Amino acid sequence: MKQIFYYIVVVLAGCAMAACYKDMGNYTYKVPPAPVVKGLDSMYAATLGDTLLVQPTVTIGETSPHLGFEWRIDVPAADSSIFFYGPKLQYVFGLPPGLYPALLTVIDSGNNMHYFYHFSVSGVTEYGA
């Protein structure tokens, strides 16, 4: 019984080596261009009750593929996030004062690549210093 087991292991190992023999690793791989985001700051101040508007310009190379945008503002105190979709973030700020990490995800639908851009939102009240 042990001989049959060893025979099967040797045959499988031989098949695996034979399958990889012809693979020379000479693949043609073209790195897609990353999007260029202009007008996205690292920190935004948002006053309670006012509209937070973030509207960057995003371009990719000479072509203009279909881009998707997903915005996320993390709320650590509630252990949740607020999501928005579209080329701009427009939100009537109603969160408690504090610093909130945020993320813009640019999605290239041509190759399904996701590009991530981090920024922060500082929530203040109009009476804060």
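Owing to the predicted nature of the structure, the values given are computational and were not obtained by experimental measurement. In this chain, numbering begins with 1 at the start of the sequence shown.
A search for side-chain contact (heavy atoms from CB on, under 4.5 Å) contacts involving L40 returns V37, Y44, V54, P56, W71, L104, Y117, F119, not counting sequence neighbours. Here Y85 pairs with E70, F83 under the side-chain contact (heavy atoms from CB on, under 4.5 Å) rule; sequence neighbours left out. T47 meets the side-chain hydrogen bond (donor to acceptor under 3.5 Å, both in side chains) test with no other residue; sequence neighbours excluded. Applying the ring-ring contact (aromatic ring centres under 6.0 Å, His included) rule to F84 yields the partners Y91; only residues at least two apart in sequence or on another chain are considered. With sequence neighbours excluded, the residues satisfying side-chain contact (heavy atoms from CB on, under 4.5 Å) with L12 are I8. For H118, the side-chain contact (heavy atoms from CB on, under 4.5 Å) test picks out L103, with sequence neighbours left out.
Screening residues 73-95 for salt bridge (charged side-chain N to carboxylate O under 4.0 Å, His left out), with sequence neighbours left out, gives R72-D74. Residue pairs satisfying the salt bridge (charged side-chain N to carboxylate O under 4.0 Å, His left out) criterion with at least one member in residues 38-61, sequence neighbours excluded, are absent.
Interatomic distance, OG1 of T51 versus CD of Q90, reported as 6.0 Å (0.5 Å rounding). We find the CD1-OG distance between I73 and S81 to be 9.5 Å, quoted to the nearest 0.5 Å.
By the 6.0 Å contact criterion, CZ on F116 is enclosed, its count of non-hydrogen atoms from other residues, nucleotides or ligands being greater than 12.
Membership of the apolar cluster around M43 extends to L99, as traced through chained side-chain contacts below 4.5 Å between ILVMFWY residues. Within the hydrophobic cluster formed by Ile, Leu, Val, Met, Phe, Trp and Tyr side chains joined at under 4.5 Å, directly or through other members, V92 stands alone, with no partner residue. Hydrophobic cluster of L53: no remaining members, since no ILVMFWY side chain lies below 4.5 Å from it. Alongside L48, the hydrophobic cluster contains no other residue (criterion: ILVMFWY side chains under 4.5 Å).
Annotation: side chain of Y115 is not in contact with side chain of T105 (no heavy-atom distance under 4.5 Å). Contact check for V58 versus V36: no side-chain heavy atoms found under the 4.5 Å cut-off.
Tracing side-chain contacts under 4.5 Å through hydrophobic residues (I, L, V, M, F, W, Y), one never reaches I107 starting from M113; they form parts of separate clusters. In the hydrophobic cluster analysis, where Ile, Leu, Val, Met, Phe, Trp and Tyr join through side-chain heavy atoms closer than 4.5 angstrom, V10 is grouped apart from Y7.
Between F69 and G86 the shortest heavy-atom distance is CB-O, 2.8 Å.
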